[in-house]
Visitor: 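This structure is in structure tokens; I'll ask about it shortly.
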Amino acid sequence: MNITQSEQLFQRAKQLMPGGVNSPVRAFKSVGGTPVYMERGEGCYMHDVDGNRYIDFCCSWGPLILGHRPPQVMEKIQEALSKGTTFGTVNPYEVALAELLVTHHRCVERVRFVSSGTEAVMSAVRLARGFTQRDKIIKFEGCYHGHVDYLMVKAGSGLVTFGESSSAGVPEVFAAQTIVLPLNDLDALEQTMQRIGNEIAAILIEPIPANNGLLLQDKTFLQALRRLCTQYGSLLIFDEVISGFRVGFEGAAAHYNITPDLLTFGKIIGGGMPVGAFGGRADIMKLIAPEGAVYQAGTLSGNPVAMAAGWAQLQACLQEGFYEELHKKTAFFCDIINTHCRQKGYPAHLFHIDSIFWIAFTSADHIADAHSIDADKMVYFKRLYPLLLERGIYLGPSGYEVGFVSQAHSYDVLQTAAQVLCDCLDIVFSS
Ligand SMILES: *Cc1c(COP(=O)(O)O)cnc(C)c1O
């Protein structure tokens, strides 16, 4: 495969931007090799600057649930774009998108738009702290909530540890406000809430954790979060930046039939443009400025072009049978590969829920917490990745990242891609 142009661009980029990138995983550090520079997308395909074509299972890390350049989204963007890119004022497109959300999402009574998932979570946590007048929050090991200081924390060695930052530049006192617990561990959760539940402003979780593998939780665990938050007066925040509008329109909240107090959104909600949002109970949301005392603002928040894109994409997601079809296609794809791995006795498995899948190198048929991921097995992913890339399959360049199937992936394409994956796994496990 010729990637000369990409190699030249990356050489230039490294002299200009830290690591040559604007977001770390894009640098291909964990899979090795040169990141390929994409030039154009079309349906389920991406084309790089050297003319290579890839079936795209990264889908921009989730936003592209309709694939690249879906006509209904592109038309709406053109319409908004032809009138201006930003006004810094209220605009009709933000009203339309808010109305769509409040109408079609049972947990969203009020919503505020921002420009990224990070901002959405940061603002939702501030709101929870303002509402409860408490400082501490609980998060779970292996859940990613963006790069806000006090959320960049992982657990230490104890069962219940006060936060220790996983980034330089985060003051200890910030991290100390975050308590990190293991996922799917009811005992640890109950003990912690018994001890300090009345100091906890919010429990924050990705209800379908999909940023560190795909760590599906027991429903009883998620239900316990709801019960304990209600009991101790803490707010339950579902970070649905990935799962929102992905695992059904109403995401994990509807999938598990649990009503969080606040929800955060990103990715799909922007139709490929930079949008985030947080929303939930009206009595809590009314604390946001200018109605209330919790400040939150943004120069480009509710940007008309981004709002138009989000509206058009979510409108498409609301079509009858949309999610059922995506679910069927993803199961079709994963089943081919899982059957192959089983027949050959490979310690590999594709876990999936709706249109999210994760290639796990394990013989287990369920993994629910970060500690159960065997880091040594990532060598398999590292071997697999370049083989797939050369054969025109694009995945997020890390074994901890999930993949996505979009509406634009046809059964034919999925059949082809599954076959390529099986062939590549044969190579990985024969060497
Ligand atoms: C992607 C993601 C974020 C951060 O969103 P950005 O738009 O990258 O800032 C937060 N939470 C979850 C669950 C995410 O998947």
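In what follows, every heavy atom counts, from backbone to side chain, and hydrogens, waters and symmetry copies are set aside. Note that ligands are numbered from 1 as they come in the structure, with each ligand's atoms numbered from 1 the same way. These numbers come from a predicted model, not from an experiment.
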Visitor: Determine whether a donor-acceptor pair (N or O, by modelled atom type, separation under 3.5 Å) exists between the side chain of R69 and the backbone of M74.
Guide: no
Visitor: Collect the protein residues that have a non-hydrogen atom under 4.0 Å from ligand 1 and hand them over in chain and number order.
Guide: S116, G117, T118, Y144, H145, G146, E206, N211, D239, V241, I242, K267
Visitor: Would you say the side chains of Y54 and D48 form a donor-acceptor pair under 3.5 Å?
Guide: yes
Visitor: Classify the side-chain pair T259/R226 by whether it contains a donor and acceptor separated by less than 3.5 Å.
Guide: no
Visitor: Strictly by modelled atom types, are R126 and Q296 linked by a side-chain donor-acceptor pair under 3.5 Å?
Guide: no
Visitor: Parallel, tilted or perpendicular: which describes the rings of F361 and Y380, with under 30° parallel and over 60° perpendicular?
Guide: tilted
Visitor: Which is it for R110 and D283 under the salt bridge (charged side-chain N to carboxylate O under 4.0 Å, His left out) test, yes or no, and what are the steps along the way?
Guide: CA-CA 9 Å; R110 295 283 187 279; D283 65 315; over 6 Å; no
